[in-house]
Amino acid sequence: MKHRIVVLDDEESLIKWVSYALEQKGYDVFATTEPDEALAYLKNEKVDCVISDMRMPQINGFEFLKSVRTMYPVLPVIFITAYGSMESAIAAMRDGVSDYILKPFGTEELLLRVRANIGKVKKQTGQIIGTSRPMKSVLALVDKVAQTDTTVLLLGESGTGKELIARQIHHSSNRAQHNFVTISCAAVPETLLESELFGYKRGAFTGATTDKQGLFKVADRGTFFLDEIGDAPMTIQMKLLRLLEEKEIVPLGSTRPLHVDVRLIAATNKDLTNEVSAGRFREDLYYRLNVIPLLLPPLRKRSEDIPALAHHFLKAICAHERLGEKKFSKNTLEKLKTYRWPGNVRELKHTVERAAILSSSYYIKPEHLGLEPEILSHGLGHIQDQEIKRVLKECGGNVTRAAEILGVGRATLYRKLKKQKPIKKKPNTKRKQKRSK
Ligand SMILES: Nc1ncnc2c1ncn2[C@@H]1O[C@H](COP(=O)(O)OP(=O)(O)OP(=O)(O)O)[C@@H](O)[C@H]1O
Ligand SMILES: [Mg+2]
């Protein structure tokens, strides 16, 4: 059976080559520059994956995503985002986008992301890499809680592995032979979220022409992973509390509660205590959820894990794409270790996959990584103020030139200079003078 993909972008030439590339590989493609057309198509056809630009003249990607999610809460949606805008890619993940592709991208990367996301729906669990101290304690705790039925609250930045850990807990528990079901509260509008989670009776509202089983029932005897629980509306919070306390749900339009036996794993990027004080999150639910909090540390706080993770992703992508054997050069590994990774493990994985695909040589060199230099974390950390002064003097105060010599991004150097008041003025005024010429 052919997988069907919807492609939406305002750039005619982009959708042309993307469609061509996908069709060559046997996908059925519906490509358009019009968001309305894409939505109309989605309404009528069964689609396996959506690829959409994030910035379009008629509508922004997030609005488009919301409309897609209204129809399909869990359909893979991949955003195309401009190169260098990691921050928006991270925000997109939080809003329930399944994945992102950074522009510019090639055929191989496109196909890779499509395959990965269509496959994700069936995905079991991947190997968890990490021997740093924080990861060791996370994994020890995972082993322990897997043997129990307690609720687990996963905390941590985007891309730190919350879903991976949730799957791991499920698969090492005695619920493994039953379903693992997941949905994100941030991605789905309130009314839809309620009917998806709890199900409904025929006639419960206009359009409810048959009974529908809720996802909690689908997860019966298995595990439910509720992502972005910090975004759950009050009505849902109340029903979740009942689920946790009484082990029952009431489908919309029904008066008869149904017994369900699920282990709940919740995750959030938000600080729930804040949400509680702001009155947006029920305190009783918070305590119910927070039985076992599990914090996944950001990648920059466990850089010891980076080489093992990078090698793991490199090996996997080389095998998967039949690229032969590849290695990181020494400089590349060094760069991977010192980068800040705002998108955490997910960003590392993408970066490695991309580099492996882009480099035609045996060694992957730093320039293949395409990382933004200004985010290099240690960037200036280990460079002494005196050295900066010396280099700046040598270049006659030219910050761009000095940044090159110091091997850091210009933005990083500016940030640093801001903190060192005395020498800040000089290079800045020089720059301005230069500009106004
Ligand atoms: N320790 C790890 N070992 C191997 N792969 C990992 C590890 N942590 C994360 N990954 C991989 O990184 C990617 C992102 O992980 P995951 O989706 O679990 O993150 P997340 O915390 O749920 O992110 P978000 O908050 O954005 O949803 C996945 O492809 C996952 O398999
Ligand atoms: Mg996740």
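Counting starts at 1 for both ligands and their atoms, following the listed order.
- Atoms of ligand 1 found under 4.0 Å from any heavy atom of Ile128, numbered from 1 in the order shown, are 1 (N), 3 (N).
- Note on ring orientation: taking the six-membered ring where Trp is involved, the planes of Phe198 and Phe216 are tilted (angle from 30° to 60°).
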Begin with the C-alpha distance, continue with both residues' side-chain angles, and end with the deciding distance and a verdict on side-chain hydrogen bond (donor to acceptor under 3.5 Å, both in side chains) for Tyr339 and Glu347. CA-CA 11 Å; Tyr339 181 72; Glu347 190 189 1; 2.8 Å; yes

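- Judged by the shortest distance from any of its heavy atoms, Gln127 lies inside the 4.0 Å radius around the atoms of ligand 1.
- The N/O atoms of Gly161, backbone and side chain alike, include one that comes under 3.5 Å of an N/O atom in ligand 1.
- Under the 4.0 angstrom criterion for non-hydrogen atoms, Gly159 is in contact with ligand 1.
- Around atom 27 (O) of ligand 1, the closest heavy atom drawn from Met93, Arg346, Lys349 belongs to Arg346.
- Listed by chain and residue number, nothing satisfies the ring pair (Phe, Tyr, Trp, His ring centres under 6.0 Å) test with Tyr27 (two or more places apart in sequence, or in another chain).
- In this structure, the side-chain hydrogen bond (donor to acceptor under 3.5 Å, both in side chains) partners of Asp284, at least two apart in sequence or on a different chain, are Arg282.
- Heavy-atom contacts from other residues, nucleotides or ligands closer than 6.0 Å to CZ of Phe205 number more than 12.
- Residue His312 places no N or O, backbone or side chain, under 3.5 Å from any N or O of ligand 1.
- Checked by distance only, ligand 1 and Arg302 stay at 3.5 Å or farther apart across all their nitrogen or oxygen atoms.
- Taking the six-membered ring where tryptophan is involved, the planes of Phe62 and Phe79 are perpendicular, since the angle between them exceeds 60° and thus also 30°.
- Closest heavy-atom approach to atom 31 (O) of ligand 1 within the set Leu164, Ile90, Leu309: this belongs to Leu164.
- Atom OH of Tyr287 is surrounded by 12 or fewer heavy atoms from other residues, nucleotides or ligands within 6.0 Å.
- Counting atoms of ligand 1 from 1 in the listed order, those under 4.0 Å from a heavy atom of Phe313 are 5 (N).
- Residue-to-ligand polar distances place Ile129 within reach of ligand 1: an N/O pair is separated by less than 3.5 Å.
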